[in-house]
Number of protein chains: 4
Amino acid sequence: MQASCYNALSSHTLTTMVHQPLNPSFAAEVQRSFARQSIMQLIGAELGRVEPGIVEITIPYRSELTQQNGYLHAGIVTTIADSACGYAAYSLMPAGSEVLSVEFKVNLLRPAKGDKFLARAEVIKPGKTLTVVKADVFGISGAEADQTLVASMLGTMFCISKNRE
Amino acid sequence: MQASCYNALSSHTLTTMVHQPLNPSFAAEVQRSFARQSIMQLIGAELGRVEPGIVEITIPYRSELTQQNGYLHAGIVTTIADSACGYAAYSLMPAGSEVLSVEFKVNLLRPAKGDKFLARAEVIKPGKTLTVVKADVFGISGAEADQTLVASMLGTMFCISKNRE
Amino acid sequence: MQASCYNALSSHTLTTMVHQPLNPSFAAEVQRSFARQSIMQLIGAELGRVEPGIVEITIPYRSELTQQNGYLHAGIVTTIADSACGYAAYSLMPAGSEVLSVEFKVNLLRPAKGDKFLARAEVIKPGKTLTVVKADVFGISGAEADQTLVASMLGTMFCISKNRE
Amino acid sequence: MQASCYNALSSHTLTTMVHQPLNPSFAAEVQRSFARQSIMQLIGAELGRVEPGIVEITIPYRSELTQQNGYLHAGIVTTIADSACGYAAYSLMPAGSEVLSVEFKVNLLRPAKGDKFLARAEVIKPGKTLTVVKADVFGISGAEADQTLVASMLGTMFCISKNRE
């Protein structure tokens with residue numbers, strides 16, 4: 001990818017959505033639910049940033065999470081991206097809701113190398129029933145600034161509303 | 001979607017990729033290939049912005065392009081998004097290449113309403129064989145500023161290199 | 001693809017789902033809605049088989065539907081696959097429902113060549129709100145028996161229920 | 001899903017592809033590579049059926065693999081489906097190849113409940129560079145016959161050929 005570099009000022013992605021949460025306790029709810037996802041402990045995942053419509057999850061590299069070449073397995077890349085997407089959607093749902101993944105698509109862009117990995121999810125379309133979320137997963141080596149995009153997800157999350165049942 | 005508004009200054013999407021084209025005639029090549037896509041004439045599509053890794057295609061609303069409720073059919077939304085993705089990828093390929101779509105996924109976010117529609121594609125990972133591209137499709141009503149995101153695509157394009165055959 | 005041939009007796013795909021329609025007029029409803037999709041007339045599409053959970057749509061090859069190499073444009077392949085998926089889902093919905101596409105993913109497997117094209121959609125998971133559908137698109141040349149799989153779709157359809165609004 | 005039942009005789013899915021392997025040692029190669037995927041040991045996955053173009057992987061239910069409701073996490077469902085798809089593709093590649101996941105899309109059809117889970121992958125389009133594979137993941141409770149489809153994947157695998165590098 002020698003033909004590319006990063007530029008901090010680009011006109012066409014300057015706008016992003018700012019979401020207002022419907023549940024004032026959204027951050028505590030996300031933390032509580034995350035703590036109940038046993039798989040997160042097994043793989044060493046930690047919850048990072050939790051803002052309305054934006055959630056980050058990180059995991060350190062561990063050899064027991066790898067595929068045949070020693071890279072993070074695409075399924076584990078997906079695991080943190082999916083949970084980040086689910087909680088980004090959940091952060092905008094009304095109190096008493098539950099969130100489920102409907103579907104996601106993942107493009108594996110580069111070998112998942114790094115000392116640790118960061119999944120950053122962001123809601124692109126909130127909705128009463130369905131919320132569409134994208135996530136990027138970065139491999140991070142050495143300094144925090146050295147982030148390489150290794151995967152992109154585009155997915156749909158479902159809101160089970162307490163009142164609806 | 002009352003819970004959302006747009007903010008012009010957000011830290012997490014300020015960086016975008018700037019690509020260097022390998023083919024100095026990329027813009028002319030994109031135009032030439034676009035002119036050969038008969039379907040573009042049938043649906044009234046026009047090529048807009050053509051920059052390295054970024055291509056835009058527009059179509060006016062016409063009732064003959066609609067589904068049962070009078071919205072632009074998801075397949076036509078996909079048609080302009082796919083061509084925009086293909087040409088965004090093509091703009092970064094070496095001279096003499098051909099581009100083919102491998103796969104794409106589309107989330108239909110809102111009913112495709114508008115006086116016209118704009119598909120904006122951007123390469124997120126160029127590659128010798130495979131290039132990953134995302135596209136957003138907007139419905140535009142009245143003033144240009146009134147753009148509503150109606151669909152997002154994440155897809156993979158294939159480079160058939162002249163030298164490789 | 002010399003390494004492959006078709007075998008009419010394989011144990012692992014012998015089972016398929018048989019669905020019971022909730023709306024006894026499902027076939028008439030599908031036909032009525034299809035007739036209102038103006039895009040279907042524009043591209044020359046015809047509704048074929050309509051059974052509970054299964055719908056087929058065909059189009060003849062026409063040069064005005066093509067991409068730069070003279071093959072059917074991936075967006076038109078998608079257009080008939082998406083409508084077939086939507087109506088396959090719709091055929092299982094209760095009377096008074098409306099159907100919308102949530103998302104789909106398409107793999108373009110081979111160049112879309114043929115005298116005509118057939119999209120065959122089949123529901124793999126019906127649901128009150130969301131129905132998951134797959135579709136295969138075949139290029140057909142000469143005799144009907146000569147069908148080549150050119151694309152596969154996996155998508156999600158949304159039911160807007162009259163009673164729910 | 002009361003409206004559906006399974007039928008063992010359906011005309012439209014009776015044909016499946018039979019693939020001829022290019023590498024006579026494909027089964028041993030798949031086993032060797034699987035043994036090197038450390039993540040498979042961590043989650044307790046086992047390789048089942050390995051045939052040309054078809055691979056199965058199973059895991060037992062374990063509470064440490066779950067999401068917040070006690071179901072198998074979608075990322076783990078994806079992990080076994082992705083490996084099964086990769087090895088189904090790999091089984092048809094020439095000796096000396098390596099396989100990488102390009103992308104996949106997963107529809108989560110039902111809560112991933114069961115005593116164990118089976119991912120069954122099948123190549124739908126082999127190719128020199130790209131192979132398209134689908135996988136179904138079943139939850140199995142009690143008797144083997146009680147299989148519930150919980151997820152479907154459609155993905156693309158990349159062949160890195162020894163000779164090509």
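Order of the sequence lines sets the chain letters (A, B, ...), proteins ahead of strands, with each chain counted from 1.
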Checklist entry - Are any of the side-chain heavy atoms of B:Val102 and D:Val132 separated by less than 4.5 Å? => result no
For residues 77-87 of chain B, which side-chain N or O atoms pair as donor and acceptor with protein atoms under 3.5 Å away, sequence neighbours left out?
| unit_1 | atom_1 | unit_2 | atom_2 | d |
| --- | --- | --- | --- | --- |
| B:Thr78 | OG1 | B:Ala74 | O | 2.7 |
| B:Thr79 | OG1 | B:Gly75 | O | 2.6 |
| B:Thr79 | OG1 | C:Gly75 | O | 3.4 |
| B:Asp82 | OD1 | B:Ser101 | OG | 2.6 |
| B:Ser83 | OG | B:Gln37 | OE1 | 2.6 |
| B:Ser83 | OG | C:His73 | NE2 | 2.8 |
| B:Tyr87 | OH | B:Ser33 | O | 3.2 |
| B:Tyr87 | OH | B:Ser33 | OG | 2.8 |
| B:Tyr87 | OH | B:Phe34 | N | 3.3 |
| B:Tyr87 | OH | B:Gln37 | NE2 | 3.4 |

Item to check | Residues, nucleotides or ligands: over 12 heavy atoms within 6.0 Å of B:Glu64 CD | outcome: yes
Next on the checklist: Tell me whether D:Glu46 at atom CD has more than 12 heavy atoms from other residues, nucleotides or ligands lying less than 6.0 Å away.
Outcome noted: no
Would you be so kind as to tabulate the donor-acceptor pairs closer than 3.5 Å made by side chains of residues 21-29 of chain D, with sequence neighbours excluded?
| unit_1 | atom_1 | unit_2 | atom_2 | d |
| --- | --- | --- | --- | --- |
| D:Asn23 | OD1 | D:Ser25 | N | 2.9 |
| D:Glu29 | OE2 | D:Arg32 | NH2 | 3.3 |

Checklist entry - Between NZ of D:Lys105 and CG of B:Leu154, what distance do you get to the nearest 0.5 Å? => result 12.0 Å
Item to check | Rounded distance (nearest 0.5 Å) linking atom CG of B:Leu130 with atom CG of D:Leu130 | outcome: 5.5 Å
